[in-house]
Amino acid sequence: MPLIIKDEYPETLFREDGKRLDGRDLNELRPIKMEVGIVPNADGSAYLEWGNNKIYAAVYGPREVHPHHLSKPDKGILRVFYRMATFSVFDRKRPAPGRREKEISMIVADCIEPLLFLELYPGTSFEVFIEVMDADGGTRCASTTVAALALADAGVPMKSLVSSVAVGKIDGKKVVDLSGIEDKAGDADLPIAITWYNEEISLLQFDGDMNLDEMNEFLDLAKDALKEIHQIQLNTLKSKYIKLQEETLKQKDNKKGEK
Ligand code: UDP
């Protein structure tokens, strides 16, 4: 059930017991569920439920570049298309892609490009299609996280995964992983992404009020959350290969039984 009716926000973003409105502690992530290989038509895919966010990512490539003039003779290109479904938010979203969708597509591409070996794929493209079916705050972080997973599922060589989360300030308190209402009614919002092969920050946006000392505290706060998200990504990929291994062994056993 939506918490926001039009632009009316609650007076406080904390309950009487000190927990956040959805029952979380300050440093607690929303529940996260990830799956890979769920879009049969794509070369690789992933699905992510993160709180109320529901997001698909599908990857195609390496393949011929369309339109041709975008292709580069010395390296492959990465194209990311982030879209939010019209029914994904409380107010109907206009179906045509807007400036926000273009910005988030660019952000996700910037986070992912350093992970790829594009110089090995001249004249080709990798395309990542991200479809947000339900949006409730932090979709740029969730999209970056699920896009990396879909690329790994496609078997695209990567230096590492990238994980992302937003930290911020609500009612003067520092929190991890802002929900939609915390994002809108809170004081500050800081989406962060980290590429694990070099442990460098590949996304740092900022909206709101904070000083430099607070910024450093926020980065510390994000670290544990990012590690937790990375572990879920790795476990999701591993479970796919464990399942494949089990199926192959079962098939072998069945064949032996037939002989
Ligand atoms: N949102 C919305 N309508 C829009 C765009 C966004 O209701 O047209 C909501 C949606 O829940 C989104 C949240 O506002 O997750 C915060 O949007 P923001 O632009 O800060 O990006 P995000 O936090 O999703 O990365």
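Whatever order the structure lists ligands and atoms in, that order sets their numbers, starting from 1.
For the 3.5 Å distance criterion, the side chains of T139 and N53 fail to qualify, holding no donor opposite an acceptor. When only modelled atom types and interatomic distance are considered, N235 and Q231 share a side-chain donor-acceptor pair under 3.5 Å.
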Step-by-step side-chain contact (heavy atoms from CB on, under 4.5 Å) determination, W50 to T145: CA-CA 11 Å; W50 184 330; T145 303; 4.0 Å; yes
Assess whether salt bridge (Lys or Arg N to Asp or Glu O under 4.0 Å) is satisfied between D177 and R24, documenting all intermediate values. CA-CA 10 Å; D177 186 21; R24 282 186 291 154; 3.5 Å; yes
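At a threshold of 4.0 Å, the pair D17-K19 does not count as salt-bridged, since none of the basic side-chain nitrogens sits closer than that to a carboxylate oxygen. With respect to the salt-bridge test (charged N to carboxylate O, under 4.0 angstrom), the residues E182 and R30 do not qualify.
When only non-hydrogen protein atoms are considered, atom 12 (C) of ligand 1 lies nearest to G137 N, 3.7 Å. Counting protein heavy atoms only, atom 9 (C) of ligand 1 is closest to K184 NZ, 3.4 Å. If you check which protein heavy atom lies closest to atom 11 (O) of ligand 1, you get A135 O, 3.1 Å. Closest to atom 23 (O) of ligand 1, if we only count protein heavy atoms, is G138 N, 2.8 Å. Annotation: atom 2 (C) of ligand 1 to nearest protein heavy atom, V89 CG1, 3.4 Å. In terms of protein heavy-atom proximity, atom 19 (O) of ligand 1 is nearest to R100 NE, 2.7 Å. Protein heavy atom in closest approach to atom 18 (P) of ligand 1: R140 NH2, 3.5 Å. Ranking the protein heavy atoms by distance from atom 4 (C) of ligand 1 puts M84 CE, 3.7 Å first.
Here's the thing with G180: none of its N/O atoms is less than 3.5 angstrom from an N/O atom of ligand 1.
K54 forms no cation-pi arrangement with Y47, by the criterion of a distance under 6.0 Å to the ring centre and an angle within 45° of the ring axis.
Taking all heavy atoms of T139, I107, I104, T144 into account, the minimum distance to atom 22 (P) of ligand 1 is reached by T139.
Residue contact annotation: D136 has a non-hydrogen atom under 4.0 Å from ligand 1.
Listed by atom number, the atoms of ligand 1 under 4.0 Å from D183 heavy atoms are 16 (C), 20 (O), 23 (O).
Of the candidates T124, V156, I77, L118, P62 forms a side chain to side chain contact (heavy atoms under 4.5 Å, CB included) with just one, namely T124.
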